[in-house]
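Chain naming here is simple, since letters A, B, ... match the order of the sequence lines and numbering starts at 1 in each. All figures in this text were calculated on a predicted structure; none of them were measured in a lab.
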There are 2 protein chains.
Amino acid sequence: MKNNVISGVKCTDCPIQHRAVCSRCDHAELMLLESMKKYRSFKAGEAIFWRGDDLTYVASVIEGVATLEKTMEDGRTQMVGLLLPSDFIGHPGRTRIDFDVTAASDVVLCCFDRAPFDQLLKDVPHISQRMIELAMDELDAARDWMLLLGRKTAGEKIATFVEMVVRRQHFDRKDGMRPDLVLPLSRGDIANYLGLTVETVSRQIGKLKSDGILEFIDKRRFRVIDLERLQQATGDDDDGGVIV
Amino acid sequence: MKNNVISGVKCTDCPIQHRAVCSRCDHAELMLLESMKKYRSFKAGEAIFWRGDDLTYVASVIEGVATLEKTMEDGRTQMVGLLLPSDFIGHPGRTRIDFDVTAASDVVLCCFDRAPFDQLLKDVPHISQRMIELAMDELDAARDWMLLLGRKTAGEKIATFVEMVVRRQHFDRKDGMRPDLVLPLSRGDIANYLGLTVETVSRQIGKLKSDGILEFIDKRRFRVIDLERLQQATGDDDDGGVIV
DNA sequence: CGCAAGGTTGAATGATCTCAACGTTTGTGG
DNA sequence: CCACAAACGTTGAGATCATTCAACCTTGCG
């Protein structure tokens, strides 16, 4: 059954409560949201929205990874957004979008019909405030991404991507453990993310391996052997000002 | 006198009233803004904010062109924002930014101190609503820009940039006249915008000239000879669905 | 088993960059 | 008003990095 729709899930149990668009809401507001929301599930590879579709709903990512992709007439594509749990899908005040939204892994979304959600943005300051913050965060990410696309070498792009994966997966763990990490995207999707070809992605990942910076269990699962050299390879000035 | 500060300007005479962050405001709200705002002027080339600076105020561009630029340790730079009149400078909810803001031409800003402005975002829904729209517009622009940086050829990048200049300047005229157009940026800034070098920009502009698509009066002023071929050269599917 | 999809590797090509020289415009002070 | 410097822009030749095209390997699945 495709696009399984579920309603009645409790907001108080929600794993993304503290970061999503609803994170500033009080109990009464959460009750309201709870009555409006519907969960939808997508299998890896399924389309969530097609470019030009009517945006009938907006959503928060609960679980999984979704991508935003732009396509040119001749088929060239560029990923322009990578949505992880707590990220927001949709475009308040607009009914269409100009990119495809796809489930890169199995995905669960918390959805709101668009028109009522636009009304919420007007009526509930806690939601519009948080919406502004989320939009600003995404703008910041987009700007880092532009620097990467415009000025970084293939090697720096790959290192930047891997370092981001390391940071986000490490961040999510509270137990201090360092389990094997997982690339959330296929080689093709990584190429798409970084403005490269699959072949170049493959070669550059190979280089991180042969340089002794990463170690791979299989195509997706890996460990970081030398975090410092990985960070150096990104070309960023990460630890600017950090005194150890 | 640098950073000339003026206050007491009337909002009702404001040329960007209908597009800026205040565009939804009613009369009473505009009166409030009028009492809070200060105009600041910057000469071409002057810094508006340095990366890492305390963001003491936010602002709308009244006149001129400002750029946002990211810089890497080794000096590589990438423009990540181009602000024209009515665009917003600042980062609600954050006190620092990670890029330089520079006046690319002489610029006039309508400024609000940051803390009181953050309060306005909480208290005045007309402002927070418009802020969301502006942020979403900028996200859309950022995504088009990512496609350009990641996948377009040098020739397509230049054509896309010129076509945007044509569209925005034409859009501003109501009299239907087609005066000479002006590149709002130097070759260096264009290179920075497009993720290219100055040399490549120069060669590709030369190509548009020798292909008979553009005609130059001087380095900055030009006319479009063949708009259709210019649009084709962008690689975009602009006129998708337009039936003439 | 055999095929399809995803991933790797190699060799050749080509677009863009780099470096260097030269031309042009702008603004400044004599 | 001219001379000059500095900033900006153009052009050429060669180097380089990523792409392209092609072959091959690996994995998962009917």
Between [N] atom [atom2] and [X] atom [atom1], what is the distance in whole Å?
X: B/Arg220; N: D/dT10; atom1: CZ; atom2: P; answer: 11 Å
X: B/Asp74; N: C/dT18; atom1: CG; atom2: C1'; answer: 14 Å
X: B/Arg76; N: D/dC17; atom1: CZ; atom2: P; answer: 12 Å
X: B/Ile217; N: D/dG9; atom1: CD1; atom2: C1'; answer: 17 Å
X: B/Phe222; N: D/dG9; atom1: CZ; atom2: C1'; answer: 17 Å
X: B/Ile158; N: C/dT16; atom1: CD1; atom2: P; answer: 10 Å

Tell me every residue that passes side-chain hydrogen bond (donor to acceptor under 3.5 Å, both in side chains) with [X], counting only those two or more places apart in sequence or in another chain.
X: B/Arg94; value: A/Asp137, A/Asp140
X: A/Asp106; value: none
X: B/Glu69; value: none

Collect all protein-nucleotide pairs involving nucleotides 23-27 of chain C in which both atoms are nitrogen or oxygen and the distance is under 3.5 Å.
none

Report the distance from atom [atom1] of [X] to atom [atom2] of [Y], rounding to the nearest 0.5 Å.
X: B/Leu82; Y: B/Leu68; atom1: CG; atom2: CG; value: 8.5 Å
X: A/Thr56; Y: A/Phe112; atom1: OG1; atom2: CZ; value: 14.0 Å
X: A/Arg96; Y: A/Phe49; atom1: CZ; atom2: CZ; value: 12.5 Å
X: A/Gln78; Y: A/Leu194; atom1: CD; atom2: CG; value: 8.5 Å
X: A/Ile16; Y: A/Ile62; atom1: CD1; atom2: CD1; value: 4.0 Å

Check A/Arg40 with A/Glu46, please: is the shortest side-chain N to carboxylate O separation under 4.0 Å? no
Any salt bridge linking B/Asp180 with B/Arg223? Criterion: basic side-chain nitrogen under 4.0 Å from a carboxylate oxygen. yes
Could you list by number each residue of residues 142-155 of chain A showing a heavy-atom separation from DNA chain D of less than 4.0 Å, or answer none if no residue does? A/Thr153, A/Ala154
Measuring only between side-chain heavy atoms, which start at C-beta, is B/Arg151 closer than 4.5 Å to A/Asn192? yes
Can you list, by residue number, the residues of residues 190-215 of chain A that have a non-hydrogen atom closer than 4.0 angstrom to DNA chain C? A/Glu199, A/Ser202, A/Arg203
